[in-house]
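Quick notes on the structure that follows.
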Number of protein chains: 2
Amino acid sequence: MKSVVTIREAAARSGVSAKMIRHYESIGLIAPPIRAENNYRFYDPRLIHELGFIHRARELGFSIADIGALLALWRDRNRPSAEVKAIALSQIAVLEAKADALRAMSATLRHLAAHCHGDDRPDCPILENLAGDQSITQSRK
Amino acid sequence: MKSVVTIREAAARSGVSAKMIRHYESIGLIAPPIRAENNYRFYDPRLIHELGFIHRARELGFSIADIGALLALWRDRNRPSAEVKAIALSQIAVLEAKADALRAMSATLRHLAAHCHGDDRPDCPILENLAGDQSITQSRK
DNA sequence: GCTTGACCTTCCCATGATTGGAAACTTATA
DNA sequence: TATAAGTTTCCAATCATGGGAAGGTCAAGC
């Protein structure tokens, strides 16, 4: 198993598409790999490892900026874990805020849809609500 | 209170920014408003109403494409409510899938962060996990 | 009348992460 | 040698929104 591979193989091993590998290089997130005589990029295990790191961080929703910071901390053997944890906690807060917003939208829509016949008749509380009629969402038990 | 107003007033009344009002017109989501002799746009209550509709639909996370369909249904007095409900149910599914994905990310991160000291010491399960070390996320109680 | 400031217009560009594709080149297969 | 499959760079599109420039228009105050 070769340890220095083309961009296609690096993509397969890291889970990052070849397109995005080039992109991450262009924005300076990863170092440029070595080039063969034919100008092809070749990736060593260290770079592939970093790409895998990026891939997993993206799966956790980290922004590219955050990943840049995390990579810098990861490369620093003496980094304080507090810095990493602070980024993670901030990201948790962002994720939960987004999830809450989506849940709120979903709950409102479910409420409206529950009152919509969903048949051939034209009257529809969903449209009425979007049109500004408050009678559905107003709770006046 | 004038019933035909400038774009600024239409923005204030509908909750859609003037920028976005022009944008929605440019993509055909709303009809072009009348123009005064000086080429200024002027909005009548019907258009302002539609902009309010769009604003509320955006708050519920509908895409512009979906809003176009909803607007068409809204303008059609004889539309079957089933079509509206189908769009809403699809949107609910999208929202909940996104919320679930965010919650899963958050849960994983919370789990990792809980095991991170968050002090001056360099060892950090968060970075270890991102680096590909599975020992944290593997649950082997 | 002239200046100032607050509008309006169109146009281009940026965001964030990713994908698609074109044009040109190299390599491997048949 | 033809072809298919890789690679390179560059440009563009996505989605919804915002920023800003450059110029036209309008009202108020002096």
Side-chain angles (χ1 to χ4, degrees), chain A residues 2 4-30 32-43 47 51 53-71 90-91 94-95 97-98 101-102 105, chain B residues 2 4-30 32-43 47-48 51 53-71 91 94-95 97-98 101-102 105:
Chain A
K2 279 172 300 187
V4 175
V5 299
T6 65
I7 196 169
R8 170 164 273 259
E9 181 65 20
R13 293 189 186 180
S14 66
V16 178
S17 71
K19 275 282 200 200
M20 290 310 297
I21 293 177
R22 293 193 196 93
H23 178 63
Y24 292 152
E25 178 190 340
S26 78
I27 62 175
L29 189 61
I30 56 169
I34 58 173
R35 300 274 187 145
E37 290 184 355
N38 57 13
N39 204 31
Y40 284 15
R41 292 170 175 85
F42 278 88
Y43 293 84
L47 264 180
L51 287 167
F53 182 104
I54 294 169
H55 177 60
R56 280 178 291 273
R58 287 295 302 144
E59 282 179 344
L60 292 176
F62 284 103
S63 69
I64 298 296
D66 274 346
I67 293 174
L70 289 171
L71 273 174
S90 166
Q91 173 66 3
V94 168
L95 292 172
K98 287 183 183 174
L102 292 173
M105 295 179 200
Chain B
K2 281 171 298 185
V4 175
V5 298
T6 64
I7 196 168
R8 169 164 273 258
E9 180 65 19
R13 293 190 187 179
S14 67
V16 179
S17 71
K19 273 278 197 201
M20 290 311 296
I21 293 177
R22 294 192 195 93
H23 178 62
Y24 291 152
E25 177 191 340
S26 78
I27 63 175
L29 189 61
I30 57 169
I34 57 173
R35 298 276 189 146
E37 291 184 355
N38 57 13
N39 203 31
Y40 285 14
R41 291 171 175 83
F42 277 89
Y43 293 84
L47 263 180
I48 293 171
L51 287 168
F53 182 104
I54 293 169
H55 178 60
R56 281 177 290 274
R58 286 295 303 146
E59 283 180 342
L60 291 176
F62 283 103
S63 68
I64 298 296
D66 274 346
I67 293 174
L70 289 171
L71 273 172
Q91 172 65 5
V94 168
L95 292 171
K98 287 184 182 173
L102 291 173
M105 295 180 201

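In what follows, chains carry the letters A, B, and so on, assigned in the order in which the sequence lines appear, proteins first and then strands, with residues in each chain numbered from 1. Hydrogens, waters and symmetry mates play no part in the numbers below; they use all other heavy atoms, side chains included.
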Atom-to-atom span, [atom1] of [X] to [atom2] of [N] - whole angstrom:
| X | N | atom1 | atom2 | answer |
| --- | --- | --- | --- | --- |
| B:Tyr43 | C:dC8 | OH | P | 10 Å |
| B:His55 | D:dT17 | NE2 | C1' | 14 Å |
| A:Ile27 | C:dA14 | CD1 | P | 16 Å |
| A:Glu25 | C:dA17 | CD | C1' | 17 Å |
| A:Arg22 | C:dA17 | CZ | P | 19 Å |
| B:Phe62 | D:dC15 | CZ | P | 17 Å |
| A:Ile7 | C:dT26 | CD1 | P | 18 Å |
| A:Glu59 | C:dT18 | CD | P | 11 Å |

Which atom of [X] lies closest to which atom of [Y], heavy atoms considered:
| X | Y | value |
| --- | --- | --- |
| A:Leu51 | A:Ser14 | CB-CB, 3.4 Å |
| B:Ile64 | B:Tyr24 | CD1-CE2, 3.6 Å |
| B:Glu25 | B:Pro33 | OE1-CD, 3.4 Å |
| B:Ala10 | B:Val5 | N-CG2, 3.7 Å |

Taking for each residue the nucleotide of DNA chain C bearing the nearest heavy atom, is the 5' side occupied by B:Thr6 or by A:Lys19?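 This one resolves to B:Thr6.
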Would you tell me if any nitrogen or oxygen in the side chain of [X] comes within less than 4.0 Å of OP1 or OP2 on [N]?
| X | N | value |
| --- | --- | --- |
| A:Arg58 | C:dT18 | yes |
| B:Ser17 | D:dG18 | yes |
| B:Arg8 | C:dA6 | no |
| A:Ser63 | C:dG16 | no |
| A:Asn38 | C:dT27 | yes |
| B:Arg41 | C:dT10 | yes |

Just to be sure I understand the rule, does A:Tyr24 reach a base, reach only the sugar-phosphate, or reach nothing, if contact means heavy atoms closer than 4.0 Å? sugar-phosphate
Which comes earlier along DNA chain D counting from the 5' end, the contact point of A:Tyr40 or that of A:Arg35, where each point is its nearest nucleotide? A:Tyr40
Roughly how far, to the nearest 0.5 Å, is the CZ atom of B:Arg56 from the CG atom of B:Leu60?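 The distance works out to 10.0 Å.
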